[in-house]
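Step one of this worksheet: look at the structure below.
Computed from a predicted model, the values in this text were never measured in an experiment.
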Amino acid sequence: MALTGRTALCAALGAVLVGLLLPSWTGVLVVEIPLLMAILCDLALAAPVNQLRFTRSGDTSVRLGEHAYVNVLVANPTRRTARLQVRDAWPPSSWAEGSAEAASRHRVGIDSGEQRMLTTVLHPTRRGDRHSERITVRSSGPLGLAARQGSHSVPWTVRVLPAFNSRKHLPAKLARLRELDGRTSILTRGEGTEFDSLRDYIPGDDTRSIDWRATARQSTVAVRTWRPERDRHILVVLDTGRTSAGRVGDAPRLDTAMDAALLLATLASRAGDRIDLLAYDRAPRATVKGRAAHEVLPAFVSAMAPIEPALVESDTRALASTALRMARHQSLLILLTGLETSPVENGLLPVLPLLTERHTVLVASIADPLISEMAGSRGDVDAVYRAAAAARTQLERKQTADRLRRHGVVVVDALPSELAPALADTYLALKSTGRL
């Protein structure tokens with residue numbers, strides 16, 4: 001049972017009347033007994049909440065930053081009109097801060113034998129699965145003094161997928177890929193390219209691409225077109241250990257790494273390459289392997305959605321072992337991890353010979369824009385000390401990256417907003433020079 005604000009108001013007015021007109025126990029009884037009887041009558045006339053029927057429908061997935069619509073069909077099989085307040089409870093991260101109360105509560109009146117559809121609009125602020133188990137309902141009586149209250153178990157799950165903000169870079173990268181494939185008049189010739197087809201000579205073409213035998217058989221000059229080799233294997237490895245939990249800007253490092261991996265997966269699948277995924281800290285958190293080109297992006301998105309950073313040091317040796325099992329033939333291994341000195345020296349460097357012996361290894365890391373901002377500050381003594389600390393941090397990252405390069409590793413170290421396009425550009429550069 002629950003009492004409403006109207007009941008409190010009536011009780012307050014009754015107390016005023018008792019104090020002014022009948023300041024005695026008799027006055028209290030005269031005022032409060034009718035109010036109590038009205039409350040009991042109102043409670044008896046309220047529709048029973050345990051007989052109401054709730055059915056869910058709606059979205060089961062949504063991209064981070066977008067809205068999801070979850071419907072609740074409320075049926076009233078009782079003989080009384082149901083005056084309901086419904087609370088559809090979800091985790092706090094299902095809405096923007098401060099909007100949960102307005103978004104999760106509904107008022108509705110349902111006549112006997114009828115049903116109504118309620119829609120809860122979610123606007124998640126974090127990736128992962130959002131679960132709602134219970135719906136709390138309060139059924140008020142006709143006087144609005146008292147209400148019956150209860151809960152119903154109506155489970156529903158909405159999976160919040162990565163935002164994939166870097167997809168805005170995809171048209172430019174696909175245009176560059178078409179250039180590499182020889183589908184425009186700008187041709188690229190590298191040691192890893194393969195013959196594609198013949199076409200008529202266009203002014204500006206490289207004269208070394210002229211096919212003299214084909215030209216002799218026809219009346220026009222024919223040139224060979226070249227394209228980078230296809231069907232290369234790429235393995236993207238997400239380090240989900242403690243370094244991925246650090247926030248850079250408004251999001252964890254892991255989310256930025258996922259965004260870069262999604263752009264690369266889309267680009268590589270369009271380029272005809274095979275791309276797999278491994279997320280690992282001390283155990284595999286997600287794997288995607290052997291998907292067709294049109295299945296790659298949905299598989300990556302679905303696998304990444306529930307992953308959260310683990311606050312443990314990653315087992316780099318086990319990670320390398322698992323990666324080598326997934327990439328048994330020559331591949332491009334892309335490791336999205338940090339460039340902090342200690343984890344690289346103690347974890348990654350000892351296993352690098354195992355990885356670089358057969359594969360091309362690329363390490364992509366996210367630079368903190370706050371470090372760059374601190375390095376340029378000179379306002380006061382504290383700012384100078386912060387600038388010195390930031391400069392030292394930058395120097396250590398550069399030294400770590402140089403050590404990796406001396407071991408034959410390609411290193412991409414970029415700010416969060418630049419990591420995805422930088423990684424895609426590096427992939428295209430490796431592909432154009434035949435290093436995949």
Heavy-atom nearest pair, Ser302 first then Arg159, reads O-NH1, 3.3 Å
With a 4.5 Å heavy-atom cut-off, do Arg126 and Glu308 have their side chains touching?
yes
Does the side chain of Phe164 reach to within under 4.5 Å of the side chain of Asp259, using non-hydrogen atoms?
yes
Starting from the C-alpha separation in whole Å, work towards a yes-or-no answer on salt bridge (charged side-chain N to carboxylate O under 4.0 Å, His left out) for Asp382 and Arg386.
CA-CA 6 Å; Asp382 291 339; Arg386 288 195 296 269; 5.0 Å; no
Is it true that the side chains of Gln218 and Thr220 contain a donor and an acceptor less than 3.5 Å apart?
yes
Is a side-chain N or O of Arg53 found less than 3.5 angstrom from the main chain of Gln51, in a donor-acceptor match?
yes
Is it the case that the side chains of Asp239 and Ser244 hold a donor-acceptor pair, with the cut-off being a distance below 3.5 Å and no angle test?
no
Does the side chain of Arg317 come under 3.5 Å of the side chain of Ser321 through a donor N or O and an acceptor N or O?
no
Any carboxylate oxygen within less than 4.0 angstrom of a Lys/Arg side-chain nitrogen, looking at Lys398 and Asp402?
yes
From Leu354, Leu235, Val351, residue fulfilling side chain to side chain contact (heavy atoms under 4.5 Å, CB included) relative to Leu324
Leu354
Is it true that Asp425 and Lys173 make a salt bridge, defined as a side-chain N closer than 4.0 Å to a carboxylate O?
yes
No-hydrogen, no-angle side-chain donor-acceptor test under 3.5 Å, His106 and Thr119:
no
Are any non-hydrogen side-chain atoms of Met304 and Leu262 less than 4.5 angstrom apart?
yes
Under 3.5 Å, is there a donor-acceptor pair between the side chain of Arg270 and the main chain of Leu174?
no
Quick one: does Thr356's side chain have a donor or acceptor within less than 3.5 Å of a partner on Gly408's backbone?
no
With a 4.5 Å heavy-atom cut-off, do Trp95 and Val121 have their side chains touching?
no
Quick check: do Pro48 and Thr78 have side-chain heavy atoms less than 4.5 Å from each other?
yes
Minimum side-chain heavy-atom gap Arg282-Glu313 below 4.5 Å:
yes
Test item: side-chain donor near acceptor, Arg358 and Gln330, under 3.5 Å
no
Using side-chain heavy atoms (C-beta onward) and a distance below 4.5 Å, is Arg127 in contact with Met258?
yes
Quick one: sort the His152 and Phe54 rings into parallel, tilted or perpendicular, breaks at 30° and 60°.
tilted
Report yes if some heavy atom in the side chain of Val158 is under 4.5 Å from a heavy atom in the side chain of Pro124; otherwise report no.
no
Are Asp88 and Arg56 within salt-bridge range, i.e. N to O under 4.0 Å?
yes
Less than 3.5 Å apart, any donor N or O on the side chain of Arg130 or Ser93 sitting next to an acceptor on the other?
yes
Tell me if a side-chain donor or acceptor on Ser331 pairs with a main-chain N or O of His329 at a distance below 3.5 Å.
yes
